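Note that the coordinates shown come from a computational prediction; the quantities given were computed from them, not determined experimentally. Indexing begins at 1, ligand by ligand and atom by atom, following the structure's order.
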Amino acid sequence: MEVYNDPNIHAGAHISYNDIVPALPVIWKFVTTTLVTMSSIIPVDLLSAATNPSYFSNLVTTNASNPTNIALLSYNDTFRNNVLGSNASARQLQNLDWQAFHEMGTYNRKTNSVYVTSNYVSLDNPINITVIDLGNNYSIKSTRFKDVNEANGGTNWYPPGSDQSNGTTPPRLLFCDEGDFDAYSGLVSVDPETGDSEVVLNNFGGRNFSSVNDARQHPVTGDLWFTDADYGYFQNFRPAPTIPKQVYRFNPSTGEIAVVADGFSQCNGLEFSPDLKTLYVTDTGAQEFGQNLTRPATIYAFDILPDARTLGNRRTFAYVDNGFPDGIHADTDGNVWAGCGDGLHVWSPDGTLLGKIWVGVASNNFAFLPGKVLVFSNAQLWIVEGIKAVGREICRDFGVC
Ligand SMILES: *[C@@H]1O[C@H](CO)[C@@H](O)[C@H](O)[C@H]1NC(C)=O
Ligand SMILES: *[C@@H]1O[C@H](CO)[C@@H](O)[C@H](O)[C@H]1NC(C)=O
Ligand SMILES: *[C@@H]1O[C@H](CO)[C@@H](O)[C@H](O)[C@H]1NC(C)=O
Ligand SMILES: *[C@@H]1O[C@H](CO)[C@@H](O)[C@H](O)[C@H]1NC(C)=O
Ligand SMILES: *[C@@H]1O[C@H](CO)[C@@H](O)[C@H](O)[C@H]1NC(C)=O
Ligand SMILES: *[C@@H]1O[C@H](CO)[C@@H](O)[C@H](O)[C@H]1NC(C)=O
Ligand SMILES: *[C@@H]1O[C@H](CO)[C@@H](O)[C@H](O)[C@H]1NC(C)=O
Ligand SMILES: *[C@@H]1O[C@H](CO)[C@@H](O)[C@H](O)[C@H]1NC(C)=O
C-alpha cells in the first residue's frame with residue numbers, strides 16, 4: 001500500500017507524543033442514576049401531536065445544563081415490540097464537566113473497551129480519546145495516540161489480507177482525523193493495545209481533504225467509505241476548504257480512490273444497511289459556523305449498485321424534527337439509528353420513525369454492545385440495557401452472533 005506519510009507534518013507543534021501519551025488521570029466519576037423501566041416507555045400519540053405544536057415539549061423535559069432524564073419514546077409499536085423489547089431499561093453512567101463523549105464509539109476486543117472521541121476545545125487542548133472500559137463498570141480514562149491530531153468519527157479496520165468474516169482477526173481502530181493547521185486530514189489506524197499507528201490515507205490525488213468526518217469498511221470488499229465535511233474550518237482549526245463535501249470510496253489494497261456521492265450541504269455520518277444494498281449518509285448542513293434550520297438535517301439513502309463500488313437512486317430517507325442527524329448505525333433488522341438534537345432516533349427500513357431514546361440534549365453518536373446501546377451526549381454517557389436490537393457490526397466486532 002502506497003501512502004503519503006511525512007512524519008514531519010504530523011509532529012504537531014502543539015502536542016508532544018510518546019508512543020502513547022501517558023493516559024490522562026483516570027476519572028472515576030459516577031452519578032446517581034435515573035432508572036427507566038419498561039413501564040416508562042412513553043407512547044407518543046401522533047394524532048394529538050399533529051394539531052398541538054407544544055405536544056412534545058410537554059411530554060418530556062430536562063435541565064439542559066444538567067441533563068439527568070432519559071426516556072424511551074415509542075412512536076410506533078414496533079419500537080416497543082421489536083426494537084427495545086419488554087425488558088429494556090435505561091440509565092445515566094457518567095455526567096462530567098467536560099465533553100468526553102462526542103463521536104466514534106468503536107469497540108476493541110483486545111482491550112475490551114469502547115473508544116470515543118471528545119469534543120474539540122482548542123489547539124492547546126486537542127481532542128482526547130475517551131476509553132470506556134467494559135470490564136470495569138464503564139469507567140473511563142482519556143488518552144491520545146500518535147499521528148491522531150483531531151479525531152472525529154471512526155470504525156474498526158481490517159487491513160488488506162485480514163479476515164473480517166469470523167471475528168478471529170483483531171481489527172485496528174480507524175480514526176477520521178480532521179487534521180489542523182499543520183496536519184493533513186485523513187484516516188489513521190491505531191492498535192490501541194500497543195499504540196502503534198499508521199496513516200492510511202491523507203489526500204485525494206495530491207489535494208487536501210477538508211475534515212474527514214466518519215468512515216465504514218465494506219464487510220465484503222474491504223473498501224473504506226468515508227465522508228469529508230468542513231467542521232474543522234467551522235471550528236477554527238482548519239484552513240478554508242479547497243474541495244467539495246463528498247463521500248469517497250478508498251480501496252486500501254490498491255490505493256484507488258473515487259468520489260461516490262456529492263451535492264451535500266455537509267455530509268457527515270454514513271452507514272451500510274445489513275444487506276449491503278443501501279448506503280445512508282447524514283447531512284448536518286443545519287449546523288455550520290452557527291445553526292441555520294433552513295438547511296438540511298437529513299438522512300439520504302442510496303442504492304449500492306451490484307458492483308459494490310458505485311451508488312444510484314439518491315433519495316430522502318428522513319428529515320429530523322430536532323437538531324440534525326450525525327452518527328448513524330443500522331441494526332440487523334435494517335432499522336436505522338441516528339444521534340440527533342434530543343437523543344437517538346430510530347427508523348424502520350422504510351423510513352417510518354419508530355421511536356426515540358430521548359435525553360433532551362444533542363447526541364452526536366452512540367455504540368451498540370451486545371443487548372445494549374451506549375448513548376453519547378458530550379458531557380454525559382448513558383446506557384440502554386436489555387434491548388432486542390442487535391447492531392449491524394456486533395457479530396464481527398464482539399464475536400457474539
Ligand atoms: C439546572 O442545572 C444547573 C446546573 O446543575 C443548576 O444550576 C440549575 O439550578 C438547574 N435548573 C433547574 C431549574 O433545576
Ligand atoms: C409502524 O411502522 C411500520 C413500518 O415499520 C408501518 O408499516 C406502520 O404503518 C406503522 N404503524 C403506524 C400506526 O404508524
Ligand atoms: C431482562 O433483564 C435482566 C436484567 O438485565 C436479565 O437478567 C434478564 O435475563 C432479562 N430477560 C430477558 C427475557 O431478556
Ligand atoms: C458501577 O457504576 C454504577 C454507577 O454508574 C454504580 O451505581 C455501581 O455501584 C457501580 N458498580 C460497581 C460494582 O462498582
Ligand atoms: C481531555 O481530557 C481531560 C481530562 O482527562 C480534560 O480535562 C480535557 O478538557 C479534555 N480535552 C478535550 C478536548 O476533551
Ligand atoms: C478465521 O480467520 C482466521 C484469519 O483469517 C483463520 O486463520 C481461521 O482459520 C478462521 N477460522 C474459522 C473458524 O474460519
Ligand atoms: C495541504 O495540507 C498541508 C498540511 O496541512 C499543507 O501544508 C498544505 O499547504 C495544504 N495544501 C493546500 C493546497 O492547501
Ligand atoms: C440560512 O441558510 C439559507 C440557505 O443556505 C440562506 O439563504 C440564509 O441566508 C441563511 N440564513 C441566515 C440567517 O444565515
Point to revise | Beyond-backbone contact of Y107 with N112, side-chain heavy atoms, under 4.5 angstrom | key: yes
Point to revise | Subset of ligand 5 atoms that lie under 4.0 Å from at least one heavy atom of S142 | key: 2 (O), 5 (O)
Review point. Relative to the heavy atoms of S118, which atoms of ligand 5 are at a distance of less than 4.0 Å?
Key: 12 (C), 13 (C), 14 (O)
Check your understanding: Are any of the heavy atoms in P126 under 4.0 Å away from ligand 5?
Key -> yes
Check your understanding: Heavy-atom contact under 4.0 Å between N119 and ligand 5?
Key -> yes
Exercise for review: Run the ring-centre check on F376 versus F366 and record whether the distance is less than 6.0 Å.
Suggested key: no
Practice item. Decide if the gap between the ring center of Y248 and the ring center of F209 is smaller than 6.0 angstrom. Key: yes
Ion pair check, [X] and [Y], cut-off under 4.0 Å:
| X | Y | result |
| --- | --- | --- |
| R309 | D223 | no |
| R172 | D196 | yes |
| R238 | E150 | no |

Practice item. Identify, for atom 5 (O) of ligand 8, the protein heavy atom at the shortest distance, and state residue, atom and that distance. Key: R295 CD, 3.6 Å
Revision key, fill the gap. Of all protein heavy atoms, the one nearest atom 2 (O) of ligand 8 is N292 ND2, 2.3 Å
**Study point:** Selection from T130, I129, L96, N128 by shortest heavy-atom distance to atom 12 (C) of ligand 5
**Key:** N128
Review point. Should one rank L381, L93, N137 by closest heavy-atom distance to atom 8 (C) of ligand 4, which comes out on top?
Key: N137
Point to revise | Y120 N/O to ligand 5 N/O under 3.5 Å | key: no
Exercise for review: Answer yes if the side chains of N137 and S139 hold a donor-acceptor pair under 3.5 Å, and no otherwise.
Suggested key: no
